Amino acid sequence: MANVIETTNLTKYYGFFLWKKSQPALYQLSLSIPEGSVWGFLGPNGAGKTTTIKLIMDLIRPSSGEVKVFGCPPDDTEMKKMVGFLPDCPAFSSYLTAYEFLNICSKLLKIPALSRRDRIYEVLKIVKMDKYANAKLGGFSRGMTQRIGIAQAILNNPRLLILDEPLVGLDPHGRQELKDIIVSQKNAGTTVFFSSHILSDVEKMCDHISLLNKGILLCSGRIDELLSVTGLRAHIYPGYGN
């Protein structure tokens, strides 16, 4: 099975020269994410999860090490067409309606004009927001905004879906619906890589997890093996900001 994401000794320091932090935000992370998996990237706040995702998405550059996505460097424009992404704490223009925002996204993604409207309503229905298609984003709650963020992330039928803390801001019912969406994306053949700091949120969705703390990978593998009686036990203490 091919690997969708591969990182090799990925390291990130913030700052420059004499002002560089003595402890890296991420240190020598090596991961191999196989195609078709749902991979949970776990750790407390400040563990380095968002830093890792930013490196994968080419939003920041590594201090050392390497990232490959579909075998390509993260700045490859053709590769990016196969990726859907939801950042942590998404914020969108408050003056746009949900439909207008997704229409702009669909144009950027070069979704054909003839199928654009149908696809927008399809993803709105998937995230249970179709009845708010003509409502302004500025009036949405955090949970509703999160759903719109997920809608734009799956708009292009991505082969890889990267979600940074997607369950934050959702009520228990919304969290369960999002878990169902993630499972449905996997069933459609999409690889899902998402971060969380709550193990119970990912336990029933993931087939693999990685556990990160203070920028260091503590363990990684199949969730059934890591949670078994003979699996690794790790105590996590709060780290610094990532």
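In this text, all values refer to a predicted model and were calculated from it rather than measured experimentally.
- Using a 4.5 Å heavy-atom cutoff, the side chains of Val67 and Asp58 are not in contact.
- In the hydrophobic clustering of this structure, Met82 groups with Val69; members are Ile, Leu, Val, Met, Phe, Trp, Tyr whose side-chain heavy atoms approach within less than 4.5 Å, directly or through other members.
- By the salt bridge (Lys or Arg N to Asp or Glu O under 4.0 Å) test, Arg116 is found to be paired with no residue, residues two or more places apart in sequence or in another chain being considered.
- Counted within 6.0 Å of CZ on Arg61, heavy atoms from surrounding residues, nucleotides or ligands total 12 or fewer; the atom is thus considered open.
- Ile126 and Leu102 fall within the same hydrophobic cluster, defined by Ile, Leu, Val, Met, Phe, Trp and Tyr side-chain heavy atoms under 4.5 Å apart, directly or through other members.
- Counting heavy atoms from C-beta on, the side chains of Arg159 and Val4 never come closer than 4.5 Å.
- Arg147 places a side-chain N or O within 3.5 Å of a backbone atom of Val127 that can act as its donor or acceptor partner.
- In plain terms, the two heavy atoms of Leu31 and Ser220 that are nearest each other are CD2-OG, 3.7 Å.
- In terms of the side chain to side chain donor-acceptor pair (under 3.5 Å) criterion, residue partners of Asn157 (sequence neighbours excluded) are, by chain and number, Arg119.
- Listed for the Ser30 side chain is a donor-acceptor partner under 3.5 Å among the backbone atoms of Asn9.
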All N/O donor-acceptor pairs, side-chain side in residues 160-168, below 3.5 Å, sequence neighbours left out:
unit_1, atom_1, unit_2, atom_2, d
Asp164, OD1, Thr50, OG1, 3.4
Asp164, OD1, Ser195, OG, 2.7
Asp164, OD2, Thr50, OG1, 2.9
Glu165, OE1, His197, ND1, 3.4
Glu165, OE2, His197, ND1, 3.2

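- Contact detail for Thr51 and Ala25: the closest heavy-atom pair is OG1-CB, 4.1 Å.
- Under a hydrophobic clustering in which Ile, Leu, Val, Met, Phe, Trp and Tyr are joined whenever their side-chain heavy atoms come within less than 4.5 Å, directly or via other members, Leu155 and Phe140 fall into the same cluster.
- Across every non-hydrogen atom of Gly84 and Asn156, the tightest pair is CA-OD1, 4.4 Å.
- A 4.5 Å side-chain heavy-atom check between Gln176 and His173 finds every atom pair outside the cut-off.
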As a quick check of understanding, evaluate side-chain contact (heavy atoms from CB on, under 4.5 Å) for Val38 and Val183, giving each step before the final call. CA-CA 8 Å; Val38 176; Val183 172; over 6 Å; no
I'd like a table of donor-acceptor pairs (distance under 3.5 Å, sequence neighbours excluded) in which one partner is a side-chain atom from residues 89-96, with atom names and distances.
none

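- Residue Ile216 is not grouped with residue Ile56 when hydrophobic side chains (ILVMFWY) are merged at heavy-atom distances under 4.5 angstrom, including chains of intermediate members.
- Taking the side chain to side chain donor-acceptor pair (under 3.5 Å) definition, one finds that Asp207 meets it with Lys186, sequence neighbours left out.
- Side-chain atoms of Lys49 do not come within 3.5 Å of backbone N or O of Phe41 as any donor-acceptor pair.
- Hydrophobic clustering, with ILVMFWY side chains joined whenever heavy atoms are under 4.5 angstrom apart, keeps Ile53 apart from Tyr27.
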Where do Ser64 and Tyr13 land on the side-chain hydrogen bond (donor to acceptor under 3.5 Å, both in side chains) test, with the steps shown first? CA-CA 9 Å; Ser64 62; Tyr13 288 90; over 6 Å; no
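- Applying the side chain to side chain donor-acceptor pair (under 3.5 Å) rule to Asn103 yields no partners; only residues at least two apart in sequence or on another chain are considered.
- Partners of Tyr99 by ring-ring contact (aromatic ring centres under 6.0 Å, His included), not counting sequence neighbours, listed by chain and number: Tyr121.
- For Thr190, there are no side chain to side chain donor-acceptor pair (under 3.5 Å) partners at least two apart in sequence or on another chain.
- Taking each heavy atom of Phe85 and Gln152 in turn, the nearest pair found is O-NE2, 2.8 Å.
- Residues forming a side-chain contact (heavy atoms from CB on, under 4.5 Å) with Ser32 (at least two apart in sequence, or on another chain): Asn3, Glu6.
- Shortest non-hydrogen contact noted between Leu124 and Ala133 is CD1-CB, 3.8 Å.
- A donor-acceptor pair under 3.5 Å links the side-chain atoms of Thr7 to the main chain of Leu29, judged by distance alone.
- Taking each heavy atom of Leu217 and Ser210 in turn, the nearest pair found is CD1-CB, 3.8 Å.
- Pairs passing the salt bridge (Lys or Arg N to Asp or Glu O under 4.0 Å) check and including a residue from residues 91-106, sequence neighbours excluded, do not occur.
- Annotation: side chain to side chain donor-acceptor pair (under 3.5 Å) contacts involving residues 65-88, sequence neighbours excluded, comprise Glu78-Lys81.
- Evaluation of the side chain to side chain donor-acceptor pair (under 3.5 Å) test over residues 125-141, restricted to residues two or more places apart or in two chains, returns none.
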